[in-house]
Amino acid sequence: MTPKERVIALFIVLAAAGSGGFIAAYFTGGSRLLEGVSLAGACAMFGAAALGWAFWIVPQEHVVDEVEGYPSQTIERMKQTNELTEVQHLVTRPVALVRLLAAALGVFGLALLVPPIRSLGTDPDETLFHTKWRKGDALTRIDGSFVRADQLNVNAVETVFPEHAIGDPMSVATLIRLRRGLLADAPDGYVVYSRLCTHAGCPVALYRKAAHELMCPCHQSTFNVLDDGAVVSGPADHALPRLPIVADAGGVLRATGDFPVPVGPGFWERP
Amino acid sequence: MIERFALWVDDRLGTAHFVRKALRKAFPDHWSFMLGEINMYAFIVLLVTGTFLALFFRPSATQTIYHGPYTLLDGTRLSEAYQSTLMLSFQVNAGLLIRQVHHWTALLFIAGIVVHMSRIFFTGAFRKPRELNWLIGITLFVLALGEGFTGYSLPDDLLSGTGLRIAVSVLLSVPVVGTWLSFLLLDGNFPSHQLIPRLFVAHVYILPAAIAALVAIHLAVLWRQKHTQFPGAGRTEKNVVGSPLFPNYAAKSLALFAMVLAVVVALGAFVQINPIWLWGPYVPWHVSSPDQPDWYIGWLEGALRLGPPWALHLWGHTIPSPFWPAVLMPALLFALVVFAPWIDALLRNDRAAHHLLDPARAAPMRTAAGVAFLVFTAGLTLAGSDDVQARYLHTDVISLVHFYQGFCTLGVILAFVVTYMIAAELRERERERAPARVRIRRNDKGGFEEEDLT
Ligand code: FES
């Protein structure tokens with residue numbers, strides 16, 4: 001063996017050793033690092049061997065190919081054109097028939113396409129316009145307990161659902177307790193906003209108490225909690241919907257109806 | 001042995017001439033011609049590792065309670081998709097290694113396509129007659145993006161679930177048909193039980209089949225049209241000079257394959273990627289912050305952050321703000337890329353076929369446009385992590401948004417102008433340096449005279 005061949009031989013032996021190492025690593029506990037080192041090493045050694053082969057063993061030579069075969073010779077192209085025009089002329093002579101066929105094929109295509117596509121999903125109908133909040137629904141935690149007006153400290157935040165739709169991803173809302181008197185129409189300082197960002201639907205869950213803003217972590221839209229969820233900054237194009245609530249005689253916070261506008265991101269049918 | 005087999009085939013198909021010519025086919029030796037091959041090998045790795053993963057993954061949104069070796073999530077409600085990904089990562093021997101290799105290779109695959117396409121663009125290799133492969137290549141790029149995004153979304157973790165939520169909202173923003181499109185795709189409103197199974201069908205069947213078919217066509221067209229080459233001694237518009245496919249180029253290419261394998265296996269073994277157990281299962285009202293997608297989605301994420309807060313209200317209908325940066329802008333961008341060969345031909349008033357490549361300086365307009373394009377998308381990608389940067393730079397996100405808005409407009413124009421000037425200057429200098437091209441010929445009187453060729 002020449003010295004160069006010996007180097008290549010070494011690479012090949014190492015590659016085999018790496019492969020064996022991988023099998024060993026696999027059967028003795030499967031450490032990811034050992035598996036990775038041995039397998040990657042085997043690949044790299046095979047690569048090195050192939051490189052050695054390419055530059056030391058295989059004779060270096062150059063070949064020259066002609067760029068040929070296209071476009072075809074002029075005479076061939078003319079023959080093709082003639083053939084096509086002629087056939088086209090012969091076949092499509094009855095023009096009315098051609099039109100009829102085209103129309104029928106169009107309908108046939110629709111027949112093949114429309115039902116399977118339509119079957120894929122339900123009619124959006126009013127789905128995006130309403131949530132599950134109804135008049136009188138108690139603000140309910142995910143564990144099923146109602147939120148009472150005396151339970152939260154100022155600046156505390158809770159995730160709440162309608163009592164009959166716990167875990168409903170459209171209805172989920174953020175309850176915040178503000179300092180009393182900060183907002184005239186907040187019973188005991190409580191306000192509730194939809195959790196769904198009006199930009200692209202991420203959960204708006206970050207309450208910045210100093211600025212009284214809710215922030216969306218996805219594209220950093222911020223909404224003013226003291227101003228009915230108006231957009232302060234960011235790419236959102238409309239305010240975060242606010243849920244109207246009251247505290248009942250027993251102190252339980254309840255919705256007085258659904259959100260006044262559709263929650264979540266905008267869509268074509270939304271006015 | 002091989003010779004006997006080849007004769008056996010020739011008896012039946014008459015392939016001797018083709019095989020002999022194919023073995024001696026010229027492959028230009030420039031390193032940049034191997035970029036496309038890296039992608040081909042990455043695709044093979046993806047198919048093999050992906051098949052292994054598909055044997056364990058369960059594409060189901062059905063909720064279960066987790067009990068398993070990852071005790072931090074013990075007793076947590078999560079989907080079967082998430083559970084099976086955890087199982088694959090912690091209980092299948094070598095499962096995590098293969099999952100990480102798969103993910104790393106996917107990132108490499110898309111990066112490789114971007115670099116390969118840049119090579120094609122900046123050297124003018126997309127000119128006639130290769131517009132065909134340019135279009136196929138772009139389609140492959142879009143399919144690869146789809147593969148990446150669907151695969152990334154399958155484990156149903158908090159990070160990818162948030163990404164899906166945004167993607168569906170972007171679909172909702174499409175005028176007229178958006179709502180229906182999203183309801184058809186999801187079979188209802190987000191989040192839906194059908195989404196993960198459908199993404200799975202797209203990810204393991206529709207998209208890979210389409211990619212495999214188009215790769216085959218891509219290569220067949222390349223084979224028929226032959227390679228382009230950089231200008232040089234002995235190289236003309238009518239020939240291709242290079243190593244013969246067998247054995248020289250085959251040996252180099254196999255070396256490349258082995259190296260690609262070594263790199264992705266090493267990455268998969270040493271560099272953790274997408275540890276979904278840290279993100280947690282997807283819960284629609286939870287979110288993690290900061291929240292970054294895989295790198296190739298970053299430009300869309302950034303565009304959504306930089307986009308204007310404008311909704312258009314038309315006769316009781318709305319085109320919401322995500323439409324502009326996440327639908328319209330990408331559509332225009334892709335239109336530019338798709339029509340690049342024809343725009344280029346129009347601007348240069350050049351409809352001839354080309355087989356010799358342009359060095360980037362030879363076409364300042366094209367080069368400047370390409371650089372501006374890359375600067376624009378890079379700016380968007382950087383903007384996609386502005387919240388993280390704001391944390392490190394101790395500034396607020398809003399100033400960074402303004403910075404990147406400037407970067408993606410003024411910065412891009414500046415990049416265009418500067419690149420144009422540099423390339424034009426280099427081209428000018430080269431023209432001056434180039435020795436006068438003359439031909440010496442014999443005249444009627446028997447003496448010699450010079451004929452100017454420039
Ligand atoms: S989803 Fe909230 S800012 Fe984009």
Side-chain angles (χ1 to χ4, degrees), chain A residues 26 30 32-33 35-37 39-41 43-44 46-48 50-51 53-54 58 60-67 69-70 117-118 120-124 127-128 159 169-170 172 195 199-203 205-206 217-220 231 233-238 264-271, chain B residues 24-26 93-94 96-97 162 165-166 169-170 172-173 175-176 178-180 183-184 186-189 191 226 238-241 243-244 247-248 251-252 254-255 258-259 261-262 265-266 268-270 284-287 289 291 304-305 307 309-311 316-318 320-322 355 387 397-398:
Chain A
Y26 177 86
R32 199 175 85 234
L33 293 186
E35 285 173 356
V37 173
L39 190 58
C43 296
F46 272 123
L51 269 188
W53 218 297
V58 172
Q60 299 301 304
E61 58 175 328
H62 272 99
V63 287
V64 180
D65 275 357
E66 299 302 316
V67 177
Y70 67 97
I117 291 181
R118 179 61 189 86
L120 284 178
T122 51
D123 187 341
T127 317
L128 295 177
T159 302
M170 269 281 272
V172 60
R195 176 64 62 91
H199 177 233
C202 284
L206 245 68
C218 283
H219 317 106
Q220 290 79 40
V231 181
S233 68
D237 61 39
H238 62 280
F267 51 96
W268 175 250
E269 291 81 359
R270 191 181 195 277
Chain B
R24 306 301 296 171
K25 192 174 172 61
N93 209 345
L96 183 58
L97 176 70
T162 308
R165 167 74 255 194
I166 297 173
S169 303
V170 167
L172 271 179
S173 80
V176 188
T179 312
W180 266 100
F183 271 67
L184 289 178
L186 276 70
D187 189 16
N189 197 5
K226 302 214 164 77
K238 293 244 167 306
N239 70 8
V240 191
V241 180
S243 306
N248 302 51
K252 283 182 216 168
L254 282 177
M259 292 303 182
L261 263 179
V265 171
F270 297 119
W285 48 91
H286 289 179
V287 74
S289 175
D291 204 359
L304 276 168
R305 292 178 186 210
W310 303 330
H317 292 289
T318 303
S321 57
H355 303 286
D387 52 334
V397 177
I398 299 178

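The shown structure was predicted, so the numbers you read here are calculated from the model rather than taken from an experiment. The sequence lines fix the lettering, A, B, ..., with proteins before strands; numbering per chain opens at 1.
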Chemist: Does any backbone or side-chain atom of B/L261 lie under 4.5 Å from a heavy atom of chain A? Answer side chain, backbone, both or neither.
Modeler: both
Chemist: Quick one: pull up CH2 in A/W268 and OG1 in B/T179 and give me the separation to the nearest 0.5 Å.
Modeler: 9.5 Å
Chemist: Quick one: pull up CD in A/E61 and OG in B/S243 and give me the separation to the nearest 0.5 Å.
Modeler: 8.5 Å
Chemist: Would one find more than 12 heavy atoms of other residues, nucleotides or ligands at under 6.0 Å from atom CH2 of B/W285?
Modeler: yes
Chemist: Please flag which part of B/V397 lies under 4.5 Å from any non-hydrogen atom of chain A: side chain, backbone, both or neither.
Modeler: side chain
Chemist: Would you name the heavy atoms of B/A255 and A/G47 that are closest together and state the gap between them?
Modeler: CB-O, 3.5 Å
Chemist: Is it the side chain or the backbone of A/R270 that comes within 4.5 Å of chain B heavy atoms, both, or neither?
Modeler: both
Chemist: If you compare all heavy atoms of A/D237 against all heavy atoms of B/S321, which two are closest, and at what distance to 0.1 Å?
Modeler: OD2-N, 2.7 Å
Chemist: May I ask you to decide if the ring planes of A/Y70 and B/H355 are parallel, tilted or perpendicular, using 30° and 60° as cut-offs?
Modeler: perpendicular
Chemist: What residue in B/L97, B/V176, B/V170 has the most heavy-atom pairs under 4.5 Å with chain A?
Modeler: B/V176
Chemist: Side chain from CB out, backbone as N, CA, C, O: work out which of these in B/W180 comes under 4.5 Å of a heavy atom of chain A, or both, or neither.
Modeler: both
Chemist: Select one option (side chain, backbone, both, neither) describing which atoms of A/V64 are under 4.5 Å from chain B's heavy atoms.
Modeler: both
Chemist: Who wins among B/L96, B/N248, B/V241 for the most heavy-atom pairs under 4.5 Å with chain A?
Modeler: B/N248
Chemist: Can you give me the closest heavy-atom contact between B/A251 and A/A50, atom names plus distance?
Modeler: O-CB, 3.8 Å
Chemist: How far apart are the closest heavy atoms of B/L172 and A/P265, and which atoms are they?
Modeler: CD1-CG, 4.1 Å
Chemist: Going by the rule side chain to side chain contact (heavy atoms under 4.5 Å, CB included), which residues pair with A/A40 if we only count those two or more places apart in sequence or in a different chain?
Modeler: B/V265, B/A266
Chemist: Between atom CG of A/L120 and atom CG of B/D187, what is the distance when rounded to the nearest 0.5 Å?
Modeler: 8.0 Å
